[in-house]
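Side-chain atoms are counted along with the backbone in the values below, which use heavy atoms only and exclude waters and symmetry mates. Numbering of ligands and ligand atoms starts at 1, following listing order. The first residue of the sequence shown is numbered 1, and numbering continues consecutively from there.
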Amino acid sequence: MAEKHGSSITRKSFFCLFMATTMLFVSSWLFVLRSTSRPNFFDRTLFPNEKLLTIFNNGHSESSSQSNVESSNGSSRAILANNEKDHEEGEGEEPPKREVGFQDKDGAANCNGNVKEPLKVFMYDLDPEFHFGLLGWKPEGGSSVWPDIRTRIPSYPGGLNLQHSIEYWLTLDLLASEFSDNPNNRAAIRVQNSSEADLIFVPFFSSLSYNRFSKVNPHQKKNRNKVLQAKLVRFLTAQKEWKRSGGRDHIVMAHHPNSMLDARMQLWPAMFILSDFGRYPINIANVDKDVIAPYKHVIKSYVNDTSDFDSRKTLLFFQGAIYRKDGGYARQELYYLLRGEKDVHFSFGSVQKDGVNKASQGMHSSKFCLNIAGDTPSSNRLFDAIASHCVPVIISDEIELPYEDVLDYSQFCIFVRTSDALKERFLVNLVRSIKKEGWTRMWEKLKEVESSFEFQYPSKEGDAVQMIWQAVARKAPAVKMKINKSRRFSRSVPRKERGLRTIPSPSNFW
Ligand SMILES: *[C@@H]1O[C@H](CO)[C@@H](O)[C@H](O)[C@H]1NC(C)=O
Ligand SMILES: *[C@@H]1O[C@H](CO)[C@@H](O)[C@H](O)[C@H]1NC(C)=O
Ligand SMILES: *[C@@H]1O[C@H](CO)[C@@H](O)[C@H](O)[C@H]1NC(C)=O
Ligand SMILES: *[C@@H]1O[C@H](CO)[C@@H](O)[C@H](O)[C@H]1NC(C)=O
(Lines give C-alpha, C1' and ligand atoms only; values in the text may rest on other atoms or scores of the structure.)
(Ligands and ions follow the chains in the order given, each with its own letter.)
Protein backbone atom coordinates (compact mmCIF):
# COMPACT_ATOMS: atom_id res chain seq x y z
CA MET A 1 0.00 0.00 0.00
CA ALA A 2 2.59 2.36 1.10
CA GLU A 3 4.69 1.51 -1.88
CA LYS A 4 1.84 1.82 -4.34
CA HIS A 5 0.72 5.07 -2.84
CA GLY A 6 4.25 6.37 -3.01
CA SER A 7 4.69 5.43 -6.68
CA SER A 8 1.41 7.14 -7.62
CA ILE A 9 2.66 10.34 -6.03
CA THR A 10 5.89 10.04 -7.92
CA ARG A 11 4.06 9.43 -11.18
CA LYS A 12 1.80 12.39 -10.54
CA SER A 13 4.66 14.70 -9.78
CA PHE A 14 6.57 13.52 -12.83
CA PHE A 15 3.54 14.35 -14.90
CA CYS A 16 3.35 17.79 -13.38
CA LEU A 17 7.02 18.38 -13.98
CA PHE A 18 6.62 17.26 -17.59
CA MET A 19 3.65 19.58 -18.15
CA ALA A 20 5.44 22.53 -16.59
CA THR A 21 8.56 21.99 -18.67
CA THR A 22 6.50 21.69 -21.83
CA MET A 23 4.62 24.88 -21.08
CA LEU A 24 7.86 26.69 -20.38
CA PHE A 25 9.37 25.41 -23.62
CA VAL A 26 6.37 26.34 -25.72
CA SER A 27 6.06 29.79 -24.24
CA SER A 28 9.74 30.57 -24.63
CA TRP A 29 9.62 29.35 -28.22
CA LEU A 30 6.64 31.60 -28.83
CA PHE A 31 8.53 34.45 -27.20
CA VAL A 32 11.44 34.01 -29.58
CA LEU A 33 9.13 33.73 -32.56
CA ARG A 34 7.16 36.86 -31.71
CA SER A 35 10.10 38.99 -30.83
CA THR A 36 11.83 38.24 -34.11
CA SER A 37 8.80 38.74 -36.28
CA ARG A 38 7.25 41.76 -34.56
CA PRO A 39 9.99 43.48 -32.65
CA ASN A 40 8.19 46.82 -32.29
CA PHE A 41 5.04 45.41 -30.89
CA PHE A 42 6.92 43.33 -28.40
CA ASP A 43 9.15 46.13 -27.27
CA ARG A 44 6.23 48.37 -26.64
CA THR A 45 4.30 45.81 -24.64
CA LEU A 46 7.26 44.87 -22.54
CA PHE A 47 8.33 48.46 -21.93
CA PRO A 48 5.34 50.73 -22.14
CA ASN A 49 7.53 53.58 -20.95
CA GLU A 50 10.15 52.98 -23.57
CA LYS A 51 9.67 56.36 -25.18
CA LEU A 52 10.01 58.06 -21.86
CA LEU A 53 13.17 56.15 -21.13
CA THR A 54 14.64 57.05 -24.46
CA ILE A 55 13.89 60.69 -24.00
CA PHE A 56 15.62 60.77 -20.69
CA ASN A 57 18.59 58.65 -21.58
CA ASN A 58 19.38 59.55 -25.09
CA GLY A 59 19.01 62.96 -26.63
CA HIS A 60 19.59 61.58 -30.11
CA SER A 61 16.57 59.31 -30.04
CA GLU A 62 14.51 62.21 -28.89
CA SER A 63 15.64 64.38 -31.73
CA SER A 64 14.81 61.76 -34.32
CA SER A 65 11.37 61.06 -32.90
CA GLN A 66 10.69 64.77 -32.66
CA SER A 67 11.60 65.48 -36.22
CA ASN A 68 9.25 62.69 -37.23
CA VAL A 69 6.43 64.19 -35.28
CA GLU A 70 6.97 67.76 -36.33
CA SER A 71 8.64 67.66 -39.67
CA SER A 72 7.75 71.29 -40.32
CA ASN A 73 9.86 72.83 -37.61
CA GLY A 74 11.46 69.75 -36.13
CA SER A 75 14.88 70.25 -37.60
CA SER A 76 15.88 73.17 -35.44
CA ARG A 77 14.54 71.37 -32.43
CA ALA A 78 16.63 68.42 -33.41
CA ILE A 79 19.68 70.61 -33.42
CA LEU A 80 18.87 71.89 -29.97
CA ALA A 81 18.37 68.38 -28.74
CA ASN A 82 21.67 67.41 -30.22
CA ASN A 83 23.41 70.21 -28.40
CA GLU A 84 21.70 69.02 -25.33
CA LYS A 85 23.16 65.60 -25.87
CA ASP A 86 26.58 67.04 -26.34
CA HIS A 87 26.14 68.96 -23.19
CA GLU A 88 25.06 65.88 -21.26
CA GLU A 89 27.36 63.35 -22.85
CA GLY A 90 29.97 61.59 -20.78
CA GLU A 91 29.08 62.29 -17.21
CA GLY A 92 25.34 62.15 -16.88
CA GLU A 93 25.39 63.46 -13.35
CA GLU A 94 22.93 66.21 -14.19
CA PRO A 95 19.25 65.33 -14.29
CA PRO A 96 17.69 66.34 -17.60
CA LYS A 97 16.02 69.36 -16.11
CA ARG A 98 16.38 71.39 -19.31
CA GLU A 99 13.66 69.21 -20.84
CA VAL A 100 11.13 71.48 -19.23
CA GLY A 101 12.63 74.52 -20.88
CA PHE A 102 11.92 73.20 -24.36
CA GLN A 103 8.23 72.89 -23.68
CA ASP A 104 8.06 76.15 -21.82
CA LYS A 105 8.63 78.39 -24.78
CA ASP A 106 7.55 81.44 -22.83
CA GLY A 107 9.90 80.83 -19.94
CA ALA A 108 11.74 84.03 -20.61
CA ALA A 109 8.58 86.01 -20.99
CA ASN A 110 7.36 85.12 -17.51
CA CYS A 111 9.67 87.65 -15.98
CA ASN A 112 8.08 90.45 -17.97
CA GLY A 113 4.58 89.76 -16.79
CA ASN A 114 5.23 90.72 -13.22
CA VAL A 115 2.71 93.04 -11.69
CA LYS A 116 3.89 92.32 -8.19
CA GLU A 117 4.68 94.93 -5.64
CA PRO A 118 8.21 96.26 -5.90
CA LEU A 119 10.85 95.02 -3.51
CA LYS A 120 11.18 97.36 -0.53
CA VAL A 121 14.82 98.21 0.07
CA PHE A 122 16.41 100.19 2.84
CA MET A 123 19.70 101.81 1.81
CA TYR A 124 22.31 102.88 4.35
CA ASP A 125 23.34 106.52 4.08
CA LEU A 126 26.99 105.55 3.83
CA ASP A 127 29.59 108.28 3.64
CA PRO A 128 30.09 109.34 0.00
CA GLU A 129 33.65 108.01 0.14
CA PHE A 130 32.04 104.57 -0.34
CA HIS A 131 30.04 105.47 -3.44
CA PHE A 132 29.73 108.67 -5.45
CA GLY A 133 32.81 110.08 -3.74
CA LEU A 134 34.78 107.40 -5.63
CA LEU A 135 33.52 109.04 -8.82
CA GLY A 136 34.91 112.38 -7.71
CA TRP A 137 31.56 113.72 -6.57
CA LYS A 138 31.60 116.06 -3.55
CA PRO A 139 28.58 116.94 -1.44
CA GLU A 140 27.34 120.30 -2.63
CA GLY A 141 26.71 122.55 0.32
CA GLY A 142 25.00 121.16 3.41
CA SER A 143 25.87 117.66 4.50
CA SER A 144 24.13 115.72 1.84
CA VAL A 145 25.14 112.12 1.34
CA TRP A 146 23.64 111.63 -2.11
CA PRO A 147 23.87 113.66 -5.29
CA ASP A 148 20.64 115.27 -6.42
CA ILE A 149 20.12 113.09 -9.47
CA ARG A 150 17.37 115.37 -10.71
CA THR A 151 19.94 118.01 -11.54
CA ARG A 152 23.10 116.10 -12.43
CA ILE A 153 24.18 112.47 -12.42
CA PRO A 154 27.86 111.84 -11.70
CA SER A 155 29.29 109.66 -14.45
CA TYR A 156 31.01 106.34 -13.98
CA PRO A 157 34.46 105.93 -15.57
CA GLY A 158 34.40 104.27 -18.98
CA GLY A 159 36.48 101.55 -20.55
CA LEU A 160 36.71 98.21 -18.87
CA ASN A 161 35.60 99.71 -15.53
CA LEU A 162 32.11 99.74 -16.98
CA GLN A 163 31.75 96.00 -17.18
CA HIS A 164 31.39 95.79 -13.38
CA SER A 165 29.26 98.92 -12.99
CA ILE A 166 26.14 97.20 -11.56
CA GLU A 167 26.84 99.00 -8.27
CA TYR A 168 26.29 102.34 -9.98
CA TRP A 169 23.09 101.38 -11.81
CA LEU A 170 21.43 99.70 -8.83
CA THR A 171 22.20 102.61 -6.52
CA LEU A 172 20.94 105.16 -9.04
CA ASP A 173 17.78 103.14 -9.47
CA LEU A 174 17.06 103.18 -5.74
CA LEU A 175 17.67 106.92 -5.56
CA ALA A 176 15.40 107.47 -8.54
CA SER A 177 12.61 105.42 -7.00
CA GLU A 178 11.96 108.24 -4.56
CA PHE A 179 11.06 110.64 -7.34
CA SER A 180 9.07 108.12 -9.29
CA ASP A 181 5.48 108.93 -10.25
CA ASN A 182 4.51 105.32 -10.55
CA PRO A 183 6.35 103.09 -8.07
CA ASN A 184 4.56 100.02 -9.41
CA ASN A 185 6.54 100.26 -12.63
CA ARG A 186 9.67 99.62 -10.62
CA ALA A 187 11.26 96.40 -9.46
CA ALA A 188 12.58 97.96 -6.25
CA ILE A 189 11.82 101.05 -4.21
CA ARG A 190 13.76 102.73 -1.46
CA VAL A 191 12.13 102.88 1.97
CA GLN A 192 13.43 105.08 4.76
CA ASN A 193 12.43 102.84 7.64
CA SER A 194 14.50 99.67 7.79
CA SER A 195 11.77 97.85 9.74
CA GLU A 196 9.53 98.14 6.72
CA ALA A 197 12.15 96.90 4.25
CA ASP A 198 12.38 93.46 2.71
CA LEU A 199 16.13 93.79 2.36
CA ILE A 200 18.95 96.14 3.32
CA PHE A 201 21.20 97.53 0.59
CA VAL A 202 24.88 98.38 1.14
CA PRO A 203 25.82 101.07 -1.41
CA PHE A 204 29.57 100.45 -1.64
CA PHE A 205 31.03 100.73 -5.15
CA SER A 206 33.40 97.88 -4.43
CA SER A 207 34.44 97.10 -8.01
CA LEU A 208 35.41 100.68 -8.70
CA SER A 209 37.20 100.78 -5.37
CA TYR A 210 39.21 97.75 -6.43
CA ASN A 211 39.89 99.02 -9.96
CA ARG A 212 40.88 102.50 -8.90
CA PHE A 213 42.32 102.28 -5.41
CA SER A 214 44.02 98.98 -4.79
CA LYS A 215 47.54 100.29 -5.34
CA VAL A 216 49.49 101.39 -2.30
CA ASN A 217 50.74 104.96 -2.47
CA PRO A 218 54.24 105.58 -1.05
CA HIS A 219 53.00 107.51 1.95
CA GLN A 220 50.29 104.98 2.82
CA LYS A 221 50.57 101.77 4.75
CA LYS A 222 47.42 100.24 3.26
CA ASN A 223 45.68 100.94 0.00
CA ARG A 224 42.41 102.81 0.05
CA ASN A 225 40.44 99.79 -1.13
CA LYS A 226 41.54 97.83 1.94
CA VAL A 227 40.90 100.75 4.27
CA LEU A 228 37.38 101.21 2.92
CA GLN A 229 36.58 97.52 3.33
CA ALA A 230 37.75 97.48 6.93
CA LYS A 231 35.74 100.61 7.62
CA LEU A 232 32.67 99.12 6.00
CA VAL A 233 32.86 95.94 8.09
CA ARG A 234 33.17 98.01 11.26
CA PHE A 235 30.23 100.17 10.27
CA LEU A 236 27.92 97.34 9.22
CA THR A 237 28.49 95.01 12.13
CA ALA A 238 27.66 97.87 14.49
CA GLN A 239 24.26 98.60 12.90
CA LYS A 240 21.03 97.46 14.50
CA GLU A 241 19.89 96.17 11.10
CA TRP A 242 22.91 93.92 10.83
CA LYS A 243 22.58 92.68 14.40
CA ARG A 244 18.90 91.96 13.90
CA SER A 245 19.53 89.55 11.05
CA GLY A 246 23.18 88.61 11.42
CA GLY A 247 23.56 90.33 8.06
CA ARG A 248 21.48 87.76 6.20
CA ASP A 249 19.10 90.31 4.71
CA HIS A 250 21.87 92.60 3.50
CA ILE A 251 22.73 93.02 -0.16
CA VAL A 252 26.45 93.48 -0.82
CA MET A 253 27.72 94.11 -4.34
CA ALA A 254 31.04 92.58 -5.32
CA HIS A 255 30.89 92.14 -9.07
CA HIS A 256 34.60 92.34 -9.84
CA PRO A 257 36.03 88.94 -8.84
CA ASN A 258 38.72 90.67 -6.76
CA SER A 259 36.49 93.21 -5.06
CA MET A 260 35.70 92.83 -1.35
CA LEU A 261 38.64 90.46 -1.05
CA ASP A 262 39.03 91.17 2.66
CA ALA A 263 35.47 92.04 3.66
CA ARG A 264 33.85 89.01 2.04
CA MET A 265 35.21 86.83 4.83
CA GLN A 266 33.33 88.89 7.41
CA LEU A 267 30.24 89.87 5.45
CA TRP A 268 29.42 86.47 3.91
CA PRO A 269 26.09 85.93 5.68
CA ALA A 270 24.83 88.68 3.38
CA MET A 271 23.52 88.16 -0.14
CA PHE A 272 26.31 88.98 -2.59
CA ILE A 273 25.77 90.19 -6.12
CA LEU A 274 28.60 88.65 -8.12
CA SER A 275 29.78 87.88 -11.62
CA ASP A 276 30.66 84.29 -10.71
CA PHE A 277 31.81 82.12 -7.82
CA GLY A 278 35.26 81.41 -9.24
CA ARG A 279 37.25 82.98 -6.44
CA TYR A 280 34.93 82.20 -3.55
CA PRO A 281 34.90 79.24 -1.17
CA ILE A 282 31.49 77.61 -1.45
CA ASN A 283 30.38 78.52 2.06
CA ILE A 284 31.21 82.19 1.51
CA ALA A 285 29.23 82.45 -1.72
CA ASN A 286 26.95 80.00 -3.51
CA VAL A 287 23.95 79.81 -5.84
CA ASP A 288 21.47 79.35 -3.00
CA LYS A 289 22.34 82.53 -1.20
CA ASP A 290 23.75 84.87 -3.82
CA VAL A 291 22.77 86.48 -7.08
CA ILE A 292 24.70 86.43 -10.35
CA ALA A 293 24.50 89.64 -12.35
CA PRO A 294 25.55 90.18 -15.95
CA TYR A 295 28.56 92.22 -16.97
CA LYS A 296 27.76 95.41 -18.81
CA HIS A 297 28.78 94.70 -22.37
CA VAL A 298 31.55 96.83 -23.83
CA ILE A 299 30.75 96.03 -27.45
CA LYS A 300 28.21 98.26 -29.16
CA SER A 301 24.67 96.91 -29.34
CA TYR A 302 23.67 95.77 -32.80
CA VAL A 303 20.77 98.14 -33.44
CA ASN A 304 18.52 97.29 -36.41
CA ASP A 305 20.37 94.04 -37.06
CA THR A 306 19.39 92.95 -40.56
CA SER A 307 22.14 90.38 -40.89
CA ASP A 308 21.41 86.72 -41.41
CA PHE A 309 23.08 83.35 -41.46
CA ASP A 310 24.63 83.90 -44.86
CA SER A 311 25.71 87.50 -44.42
CA ARG A 312 27.66 86.64 -41.26
CA LYS A 313 30.73 85.25 -42.98
CA THR A 314 32.82 84.23 -39.98
CA LEU A 315 31.75 80.91 -38.52
CA LEU A 316 33.33 81.24 -35.08
CA PHE A 317 34.83 84.29 -33.43
CA PHE A 318 37.04 84.60 -30.39
CA GLN A 319 38.75 87.62 -28.94
CA GLY A 320 40.64 87.57 -25.70
CA ALA A 321 43.90 86.97 -23.98
CA ILE A 322 45.27 83.55 -24.73
CA TYR A 323 47.82 82.37 -22.24
CA ARG A 324 45.91 82.51 -19.04
CA LYS A 325 46.64 81.03 -15.69
CA ASP A 326 44.22 78.87 -13.69
CA GLY A 327 41.32 77.55 -15.79
CA GLY A 328 42.51 79.30 -18.94
CA TYR A 329 44.59 76.52 -20.45
CA ALA A 330 41.68 75.50 -22.68
CA ARG A 331 42.04 78.71 -24.68
CA GLN A 332 45.50 77.78 -25.78
CA GLU A 333 44.52 74.21 -26.63
CA LEU A 334 41.53 75.39 -28.63
CA TYR A 335 43.66 77.83 -30.53
CA TYR A 336 45.88 74.99 -31.73
CA LEU A 337 42.82 72.89 -32.61
CA LEU A 338 41.10 75.64 -34.58
CA ARG A 339 43.87 77.62 -36.22
CA GLY A 340 43.66 75.62 -39.45
CA GLU A 341 40.01 76.52 -40.06
CA LYS A 342 39.59 79.30 -42.61
CA ASP A 343 36.32 80.72 -41.27
CA VAL A 344 37.34 80.69 -37.62
CA HIS A 345 38.68 83.95 -36.25
CA PHE A 346 40.94 83.99 -33.21
CA SER A 347 42.37 87.28 -32.05
CA PHE A 348 44.32 88.01 -28.97
CA GLY A 349 44.51 90.90 -26.62
CA SER A 350 41.81 92.51 -24.56
CA VAL A 351 39.09 94.67 -25.99
CA GLN A 352 40.13 98.26 -25.40
CA LYS A 353 39.71 101.63 -27.09
CA ASP A 354 40.33 100.92 -30.75
CA GLY A 355 39.80 97.23 -30.09
CA VAL A 356 36.14 97.82 -29.27
CA ASN A 357 35.32 98.85 -32.82
CA LYS A 358 37.19 95.94 -34.30
CA ALA A 359 35.61 93.46 -31.91
CA SER A 360 32.16 94.93 -32.60
CA GLN A 361 32.68 94.44 -36.32
CA GLY A 362 33.98 90.95 -35.75
CA MET A 363 31.10 89.87 -33.54
CA HIS A 364 28.49 91.53 -35.74
CA SER A 365 29.71 89.52 -38.71
CA SER A 366 30.09 86.11 -37.04
CA LYS A 367 27.56 83.34 -36.59
CA PHE A 368 28.99 82.00 -33.34
CA CYS A 369 31.11 83.61 -30.63
CA LEU A 370 33.31 81.56 -28.36
CA ASN A 371 33.29 82.09 -24.62
CA ILE A 372 36.11 80.11 -23.09
CA ALA A 373 36.78 80.17 -19.37
CA GLY A 374 39.66 82.45 -18.61
CA ASP A 375 41.14 82.93 -15.18
CA THR A 376 37.54 83.12 -13.94
CA PRO A 377 34.55 81.13 -15.21
CA SER A 378 32.73 84.22 -16.56
CA SER A 379 33.69 87.23 -18.63
CA ASN A 380 32.01 90.14 -20.37
CA ARG A 381 32.52 88.32 -23.69
CA LEU A 382 29.27 86.40 -23.24
CA PHE A 383 27.33 89.65 -22.86
CA ASP A 384 29.20 91.18 -25.79
CA ALA A 385 28.11 88.20 -27.86
CA ILE A 386 24.49 88.58 -26.78
CA ALA A 387 24.52 92.29 -27.62
CA SER A 388 25.96 91.39 -31.05
CA HIS A 389 23.39 88.62 -31.63
CA CYS A 390 26.31 86.28 -32.17
CA VAL A 391 25.23 82.88 -30.83
CA PRO A 392 27.44 82.22 -27.79
CA VAL A 393 29.33 78.94 -27.61
CA ILE A 394 30.12 78.54 -23.93
CA ILE A 395 33.06 76.41 -22.87
CA SER A 396 33.22 76.99 -19.16
CA ASP A 397 32.24 74.13 -16.90
CA GLU A 398 31.90 76.23 -13.77
CA ILE A 399 29.99 79.18 -15.21
CA GLU A 400 26.88 80.44 -13.45
CA LEU A 401 24.50 82.57 -15.46
CA PRO A 402 22.32 85.53 -14.51
CA TYR A 403 18.62 84.87 -13.83
CA GLU A 404 18.89 81.28 -14.99
CA ASP A 405 15.77 80.47 -12.94
CA VAL A 406 13.68 82.44 -15.43
CA LEU A 407 15.84 82.21 -18.55
CA ASP A 408 16.60 79.04 -20.51
CA TYR A 409 20.01 79.74 -21.98
CA SER A 410 19.95 76.59 -24.09
CA GLN A 411 17.52 78.39 -26.40
CA PHE A 412 20.16 80.88 -27.49
CA CYS A 413 23.53 79.50 -26.35
CA ILE A 414 25.47 76.37 -27.07
CA PHE A 415 27.18 74.73 -24.13
CA VAL A 416 30.16 72.47 -24.65
CA ARG A 417 32.06 70.69 -21.92
CA THR A 418 35.73 71.55 -21.86
CA SER A 419 36.68 67.88 -22.15
CA ASP A 420 34.57 67.58 -25.32
CA ALA A 421 35.79 70.84 -26.79
CA LEU A 422 39.37 69.64 -26.59
CA LYS A 423 38.65 66.56 -28.72
CA GLU A 424 39.94 66.77 -32.25
CA ARG A 425 37.35 68.40 -34.61
CA PHE A 426 34.55 68.11 -32.03
CA LEU A 427 33.81 71.82 -31.80
CA VAL A 428 34.09 72.57 -35.49
CA ASN A 429 31.86 69.63 -36.41
CA LEU A 430 29.29 70.63 -33.83
CA VAL A 431 29.12 74.22 -34.95
CA ARG A 432 29.03 73.30 -38.63
CA SER A 433 26.16 70.89 -37.96
CA ILE A 434 23.92 73.81 -37.00
CA LYS A 435 22.23 74.95 -40.16
CA LYS A 436 20.46 78.12 -41.13
CA GLU A 437 17.11 77.33 -39.55
CA GLY A 438 18.48 76.34 -36.19
CA TRP A 439 20.86 79.24 -36.08
CA THR A 440 18.17 81.75 -37.05
CA ARG A 441 15.96 80.54 -34.24
CA MET A 442 18.71 81.22 -31.71
CA TRP A 443 19.51 84.58 -33.31
CA GLU A 444 15.88 85.60 -32.95
CA LYS A 445 15.87 84.51 -29.34
CA LEU A 446 19.00 86.59 -28.73
CA LYS A 447 17.23 89.67 -30.04
CA GLU A 448 14.35 88.88 -27.71
CA VAL A 449 16.46 88.52 -24.56
CA GLU A 450 19.12 91.17 -25.16
CA SER A 451 17.20 93.85 -23.27
CA SER A 452 17.56 91.76 -20.09
CA PHE A 453 21.29 92.49 -20.26
CA GLU A 454 21.05 96.22 -20.89
CA PHE A 455 21.99 98.58 -18.04
CA GLN A 456 20.50 102.03 -18.20
CA TYR A 457 19.27 105.01 -16.25
CA PRO A 458 16.40 105.40 -15.81
CA SER A 459 15.78 101.67 -15.72
CA LYS A 460 13.16 100.16 -17.98
CA GLU A 461 10.90 97.21 -17.48
CA GLY A 462 12.78 93.96 -18.01
CA ASP A 463 16.24 95.52 -18.38
CA ALA A 464 19.29 94.32 -16.48
CA VAL A 465 18.67 96.64 -13.52
CA GLN A 466 15.12 95.38 -13.00
CA MET A 467 16.03 91.77 -13.75
CA ILE A 468 18.68 91.89 -11.03
CA TRP A 469 16.25 93.39 -8.52
CA GLN A 470 13.75 90.69 -9.39
CA ALA A 471 16.37 87.98 -8.95
CA VAL A 472 17.15 89.52 -5.55
CA ALA A 473 13.44 89.66 -4.72
CA ARG A 474 13.05 85.95 -5.46
CA LYS A 475 15.61 85.26 -2.73
CA ALA A 476 13.89 87.44 -0.16
CA PRO A 477 11.40 84.88 1.22
CA ALA A 478 14.20 82.37 1.82
CA VAL A 479 16.20 85.05 3.59
CA LYS A 480 13.28 85.83 5.88
CA MET A 481 12.83 82.18 6.65
CA LYS A 482 16.51 81.80 7.46
CA ILE A 483 16.29 84.74 9.83
CA ASN A 484 13.21 83.36 11.58
CA LYS A 485 14.80 79.93 11.78
CA SER A 486 17.98 81.34 13.24
CA ARG A 487 15.96 82.69 16.15
CA ARG A 488 14.78 79.24 17.26
CA PHE A 489 17.48 78.75 19.84
CA SER A 490 18.33 82.38 20.44
CA ARG A 491 17.49 81.97 24.13
CA SER A 492 19.86 79.09 24.73
CA VAL A 493 22.70 79.46 22.24
CA PRO A 494 25.30 82.23 22.29
CA ARG A 495 24.59 84.84 19.62
CA LYS A 496 27.74 84.35 17.61
CA GLU A 497 26.89 80.75 16.77
CA ARG A 498 23.60 81.65 15.25
CA GLY A 499 22.90 81.02 11.66
CA LEU A 500 25.82 78.94 10.50
CA ARG A 501 23.56 75.96 10.04
CA THR A 502 21.93 76.57 6.68
CA ILE A 503 25.18 77.21 4.86
CA PRO A 504 27.14 74.24 3.44
CA SER A 505 29.81 72.90 5.74
CA PRO A 506 33.10 74.73 5.42
CA SER A 507 34.94 72.10 3.40
CA ASN A 508 37.24 74.51 1.64
CA PHE A 509 37.00 77.31 4.14
CA TRP A 510 40.14 79.45 3.76
C1 LIG B 1 6.19 74.86 -35.21
O2 LIG B 1 5.21 73.98 -34.72
C3 LIG B 1 4.24 74.58 -33.91
C4 LIG B 1 3.36 73.50 -33.33
O5 LIG B 1 3.41 72.34 -34.08
C6 LIG B 1 3.47 75.60 -34.75
O7 LIG B 1 2.49 76.24 -33.94
C8 LIG B 1 4.45 76.63 -35.28
O9 LIG B 1 3.78 77.55 -36.12
C10 LIG B 1 5.56 75.97 -36.05
N11 LIG B 1 6.57 76.95 -36.38
C12 LIG B 1 7.13 77.00 -37.59
C13 LIG B 1 8.18 78.04 -37.75
O14 LIG B 1 6.83 76.26 -38.49
C1 LIG C 1 9.44 102.10 11.42
O2 LIG C 1 8.48 101.09 11.22
C3 LIG C 1 8.11 100.39 12.37
C4 LIG C 1 7.21 99.24 11.99
O5 LIG C 1 6.30 99.61 11.01
C6 LIG C 1 7.45 101.36 13.36
O7 LIG C 1 7.11 100.68 14.55
C8 LIG C 1 8.42 102.49 13.67
O9 LIG C 1 7.80 103.46 14.47
C10 LIG C 1 8.90 103.15 12.39
N11 LIG C 1 9.97 104.09 12.69
C12 LIG C 1 9.96 105.34 12.31
C13 LIG C 1 11.13 106.16 12.68
O14 LIG C 1 9.05 105.79 11.62
C1 LIG D 1 16.88 101.80 -36.42
O2 LIG D 1 15.64 101.83 -37.06
C3 LIG D 1 14.75 102.84 -36.60
C4 LIG D 1 13.41 102.68 -37.28
O5 LIG D 1 13.57 102.33 -38.60
C6 LIG D 1 15.38 104.20 -36.83
O7 LIG D 1 14.52 105.21 -36.35
C8 LIG D 1 16.72 104.27 -36.14
O9 LIG D 1 17.36 105.49 -36.42
C10 LIG D 1 17.63 103.13 -36.56
N11 LIG D 1 18.81 103.13 -35.74
C12 LIG D 1 20.03 102.96 -36.22
C13 LIG D 1 21.15 103.05 -35.25
O14 LIG D 1 20.23 102.73 -37.38
C1 LIG E 1 9.27 85.77 10.06
O2 LIG E 1 8.67 86.31 11.20
C3 LIG E 1 7.93 87.50 11.01
C4 LIG E 1 7.44 87.98 12.34
O5 LIG E 1 8.53 88.47 13.06
C6 LIG E 1 6.78 87.25 10.08
O7 LIG E 1 6.09 88.46 9.80
C8 LIG E 1 7.32 86.70 8.78
O9 LIG E 1 6.25 86.37 7.94
C10 LIG E 1 8.21 85.50 9.04
N11 LIG E 1 8.81 85.14 7.79
C12 LIG E 1 8.59 84.00 7.21
C13 LIG E 1 9.27 83.81 5.89
O14 LIG E 1 7.91 83.12 7.70
Which protein heavy atom lies closest to atom 5 (O) of ligand 2, and at what distance to 0.1 Å? Glu196 OE2, 3.5 Å
Tell me whether the rings of Trp242 and His250 are parallel (<30°), tilted (30 to 60°) or perpendicular (>60°). perpendicular
Can you tell me which residue and heavy atom of the protein come closest to atom 11 (N) of ligand 3, and the distance to 0.1 Å? Asn304 ND2, 2.8 Å
Within the protein, is there a heavy atom lying under 4.0 Å from atom 14 (O) of ligand 3? yes
Do you see a protein non-hydrogen atom under 4.0 Å from atom 2 (O) of ligand 3? yes
For Trp443, is the NZ or CZ atom of Lys447 found under 6.0 angstrom from the centre of its six-membered ring and inside 45 degrees of the ring axis? yes
Kindly confirm or rule out a cation-pi arrangement of Lys296 over Phe383, judged by NZ or CZ under 6.0 Å from the six-membered ring centre and within 45° of its axis? no
Side-chain contact, heavy-atom cut-off 4.5 Å: Asp290 with Ile273? no
Is atom 8 (C) of ligand 3 less than 4.0 angstrom from some protein heavy atom? yes
A student checking ligand 2 against Ser195 at a 4.0 Å heavy-atom cut-off should list atoms 2 (O), 3 (C)
Atom 10 (C) of ligand 2: nearest protein contact (heavy atom, Å): Asn193 ND2, 2.4 Å
Do we get Arg190 above Phe122's six-membered ring, with its NZ or CZ under 6.0 Å from the centre and within 45° of the axis? no
Can you confirm if the NZ or CZ of Arg264 lies within 45° of the ring axis of Tyr280 and under 6.0 Å from the centre of its six-membered ring? yes
